[in-house]
Amino acid sequence: MKTVPFAPYVARVQAWWMDRAPRERVLLAVLGVVATLALLIVLVVKPLQAARGQAMADIRTYETLSAGLAASGGRPAAGPVRSGPVAQILTTTAAGFGLTVQRVEPEGDRTRVVMDAVPYDAVLRWLADLESGGGLTLGEVRLDRGGAAGQVNVQLVVQGS
């Protein structure tokens with residue numbers, strides 16, 4: 001036969017409960033329900049409401065930023081416009097971020113760029129610089145996991161403005 005480790009305590013609580021008058025049992029049961037509801041509200045409902053309120057505030061902030069970007073033409077304030085062949089701009093700016101371009105393939109007014117096993121953070125900084133530098137627009141961007149941690153394989157299409 002299996003022994004219950006809390007059996008003496010359960011027996012004490014049952015004895016205590018049975019010693020209460022029926023009216024006291026009803027009051028204690030109601031108190032238990034009220035306490036359970038209060039804990040549910042304090043520990044579950046209030047944190048969910050706070051998280052929802054924060055999410056709504058974040059959404060309003062991002063919508064405001066999006067509207068501001070749309071009103072300004074979708075571009076942040078641009079620095080000097082780069083000039084020259086698109087392939088040269090891509091390779092020189094990539095080299096400035098420590099990236100090596102494997103292939104640059106012109107396709108009409110678009111240029112396809114391929115890089116393998118390059119650092120992810122450097123790629124993101126380079127892409128942000130391309131977008132804000134003026135003169136070039138990113139059309140398609142594909143980042144695939146590289147062979148080592150923190151590295152990616154990049155394929156992108158850039159359009160000269």
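No experiment lies behind these values; they were computed from the predicted model shown.
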Query raised in the report: Does the side-chain contact (heavy atoms from CB on, under 4.5 Å) test come out yes or no for V152 and D144, once each step is laid out?
Result: CA-CA 5 Å; V152 292; D144 295 319; over 6 Å; no
Query - All side-chain contact (heavy atoms from CB on, under 4.5 Å) counterparts of V13, not counting sequence neighbours - result: none
Query - Side-chain heavy-atom pair V113, Q155 within 4.5 angstrom cut-off - result: no
**Report entry** Residue pairs involving residues 18-31 (criterion side chain to side chain donor-acceptor pair (under 3.5 Å); sequence neighbours excluded)
**Finding:** none
Requested in this report: Look up atom CG in L127 and atom CG in L156, then write down how far apart they are to the nearest 0.5 Å.
Outcome: 6.0 Å
Query raised in the report: Other than L37, what residues sit in its cluster of Ile, Leu, Val, Met, Phe, Trp and Tyr side chains whose heavy atoms are under 4.5 Å apart, directly or through others?
Result: V33
Query raised in the report: How about V154 and V114: do any of their side-chain heavy atoms sit closer than 4.5 Å?
Result: no
Requested in this report: State the CG-CG distance between N153 and D116, to the nearest 0.5 angstrom.
Outcome: 4.5 Å
Query raised in the report: Is there a chain of hydrophobic side chains (I, L, V, M, F, W, Y, each step under 4.5 Å between heavy atoms) that links L124 to V157?
Result: no
Please list, one pair per line, the donor and acceptor atoms closer than 3.5 Å that link side chains of residues 39-47 to other protein atoms, with sequence neighbours excluded.
none

Anything under 3.5 Å between a donor and an acceptor, one on a side chain of residues 90-98, the other on a protein residue two or more places apart or in another chain? List them.
| unit_1 | atom_1 | unit_2 | atom_2 | d |
| --- | --- | --- | --- | --- |
| T91 | OG1 | A87 | O | 3.1 |
| T91 | OG1 | Q88 | O | 3.1 |
| T92 | OG1 | Q88 | O | 2.8 |
| T92 | OG1 | I89 | O | 3.2 |
| T93 | OG1 | I89 | O | 2.8 |
| T93 | OG1 | L90 | O | 3.2 |
| T93 | OG1 | W126 | NE1 | 2.9 |

Query raised in the report: Below 4.5 Å, heavy atoms only, C-beta onward: do T111 and V104 meet side chain to side chain?
Result: yes
Query raised in the report: Would a 4.5 Å heavy-atom cut-off, applied to side chains only, mark L138 and L130 as touching?
Result: yes
Query raised in the report: Is a salt bridge present between R125 and D121, judged by a nitrogen-to-oxygen distance below 4.0 Å?
Result: yes
Query raised in the report: Out of curiosity, L99 CG to M115 CE, how far, rounded to the nearest 0.5 Å?
Result: 5.0 Å
Under 3.5 Å, which donor-acceptor pairs link side chains of residues 53-67 to any protein atom two or more places apart or in another chain?
| unit_1 | atom_1 | unit_2 | atom_2 | d |
| --- | --- | --- | --- | --- |
| Q54 | NE2 | D58 | OD1 | 3.0 |
| T61 | OG1 | A57 | O | 3.0 |
| T64 | OG1 | R60 | O | 2.8 |

